[in-house]
There are 2 protein chains.
Amino acid sequence: MKRNTWQREAVRNALGESEGFVSAQALHSGLREQGSSIGLATVYRALADLASEGEADSLQQEGEALYRACTPGSHHHHLICRNCGLTVEIEADPVELWAQQVAAEHGFTQAEHVVDVFGVCAKCAAAGATR
Amino acid sequence: MKRNTWQREAVRNALGESEGFVSAQALHSGLREQGSSIGLATVYRALADLASEGEADSLQQEGEALYRACTPGSHHHHLICRNCGLTVEIEADPVELWAQQVAAEHGFTQAEHVVDVFGVCAKCAAAGATR
DNA sequence: AGTCCTGCTGAGAACTGTTGTCAAAAACCG
DNA sequence: CGGTTTTTGACAACAGTTCTCAGCAGGACT
């Protein structure tokens, strides 16, 4: 049976409050700074659970896993500011179709795809324009 | 100054001969089995060099980096069999346009994107059909 | 060809992100 | 409340990758 602990809630909340993708370790130290006594392993476990239940998305960047709360159930992709981490969920229907089609053309089945767009958001572009 | 050592050549060759994406460690042990005395660190260094010079593509899967020789200079994406690792280079012009457009719509600039399609190739689908 | 300099190599240690272990704690059931 | 059973948290273990550093060797120059 699956139990409902305050730790899991804490992770879910912390994830929901963050602007963009966060690493497990950042989340853990953030919670610790708020006085929580949650353990690192627990954060990893909670994140893995959330991700497998579709309540969070994950992506790999520079060898570490980043997580983000997302609208459950809906398939979507992300547009991520590589400077501040701001994330926008985007629909990608044309890409879905394209991926299926390309896979089929080459005899591939059970196609899945990884699609993420990185860029610099308007705010960061303006702030960094002088650089 | 950049030097041309037999180790770098060995890595380049081994990469070119492999069917799909290979991990640095697999490449290293493969070379070792062929009697080479190349070191693991050197393989990592050579792969990083090749990737940064555009002679190899890399992707992250399950926490490890995989590499593959690719046609230098051309921008393309990959269709990868998640069973045997077979890789097909694919053109994705519609996706390129889509990515630029979506980024622009949200005020993002300097858009880059990660697009990879995973599936099961015809051969593996046939072999695993009985499973 | 010989010499020198400097970047490259290889072995292993060190590091980083993640997962496993296990006793103790706490959530759920009645 | 008492019993059962999952979950937790501290820490060890692990895997992949990078760092370190003494010695080696590629290439330029002679």
Side-chain angles (χ1 to χ4, degrees), chain A residues 1-15 18 20-53 55-69 80 82 85 114 116, chain B residues 1-15 18 20-53 55-69 80 82 85 114 116:
Chain A
M1 177 207 314
K2 179 118 185 219
R3 294 186 180 171
N4 218 355
T5 62
W6 64 264
Q7 287 95 334
R8 237 178 267 263
E9 271 310 307
V11 169
R12 198 194 307 266
N13 286 342
L15 203 61
S18 70
F21 279 82
V22 232
S23 73
Q25 317 227 10
L27 229 133
H28 173 243
S29 58
L31 286 167
R32 278 302 181 96
E33 281 171 15
Q34 292 171 27
S36 170
S37 67
I38 195 168
L40 180 56
T42 305
V43 174
Y44 275 104
R45 282 185 288 241
L47 286 172
D49 283 358
L50 289 172
S52 77
E53 286 164 20
E55 293 194 58
D57 274 347
S58 69
L59 65 85
Q60 304 268 326
Q61 197 182 30
E62 293 166 16
E64 67 179 348
L66 302 181
Y67 295 87
R68 177 164 201 280
I80 303 145
R82 84 167 69 85
V114 178
D116 285 304
Chain B
M1 179 204 315
K2 179 119 185 220
R3 292 185 184 169
N4 217 356
T5 62
W6 65 265
Q7 287 97 332
R8 238 178 266 262
E9 271 311 306
V11 170
R12 198 195 308 266
N13 286 343
L15 203 61
S18 70
F21 279 81
V22 230
S23 73
Q25 317 226 9
L27 229 134
H28 173 242
S29 57
L31 286 166
R32 277 302 181 98
E33 280 170 15
Q34 292 171 27
S36 170
S37 68
I38 195 168
L40 179 57
T42 304
V43 174
Y44 275 104
R45 282 186 288 242
L47 286 173
D49 283 359
L50 288 173
S52 76
E53 286 164 20
E55 292 193 57
D57 275 347
S58 70
L59 65 84
Q60 305 267 327
Q61 197 184 27
E62 293 166 17
E64 69 180 346
L66 302 181
Y67 294 87
R68 177 162 201 279
I80 303 144
R82 81 169 71 85
V114 178
D116 286 303

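A note on names: the letters A, B, ... follow the listed sequences, proteins ahead of strands, and every chain is numbered from 1.
- In the region residues 34-44 of chain A, proximity to DNA chain D at under 4.0 angstrom, judged on heavy atoms, holds for S37(A), I38(A), G39(A), A41(A), T42(A).
- Between A46(B) and R8(B), the shortest heavy-atom distance links the atoms CB-CG, 4.2 Å.
- No donor-acceptor pair under 3.5 Å is formed between the side chain of R68(A) and the backbone N or O of V22(A).
- Nearest-nucleotide mapping onto DNA chain D: of K2(B) and R32(A), the residue sitting toward the 5' end is R32(A).
- A close approach under 4.0 Å does not occur between any side-chain nitrogen or oxygen of S23(B) and OP1 or OP2 of dG16(D).
- Contact annotation: the side chain of F21(B) approaches that of L59(B) to within less than 4.5 Å [non-hydrogen atoms, C-beta and beyond].
- For R8(A), whose side chain is taken as the heavy atoms from C-beta onward, the closest listed nucleotide among dT18(C), dT7(D), dC8(C) is dT7(D).
- Each end of the helix from dA1(C)-dT30(D) to dG30(C)-dC1(D) gets its own axis from five base pairs, and the two axes differ in direction by 40°, given to 10 degrees.
- Listed pair Q7(A) / dG9(D) meets the phosphate criterion, a side-chain N or O lying under 4.0 Å from OP1 or OP2.
- Of all the heavy atoms in A24(A) and V43(A), the pair that sits closest is O-CG1, 3.7 Å.
- A distance-only check finds a donor-acceptor pair linking the side chain of S29(B) to the backbone of Q25(B) [under 3.5 Å].
- Atoms CD and CG, on E55(B) and L47(B) in that order, are 11.5 Å from each other to the nearest 0.5 Å.
- The main-chain N or O of I38(B) is found under 3.5 Å from a side-chain atom of H28(B) such that the two form a donor-acceptor pair.
- Nearest heavy atoms, A69(B) versus L15(B): N-CG, 3.5 Å.
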Please write out each protein N/O paired with an N/O of nucleotides 22-26 of chain C under 3.5 Å, distance rounded to 0.1 Å.
none

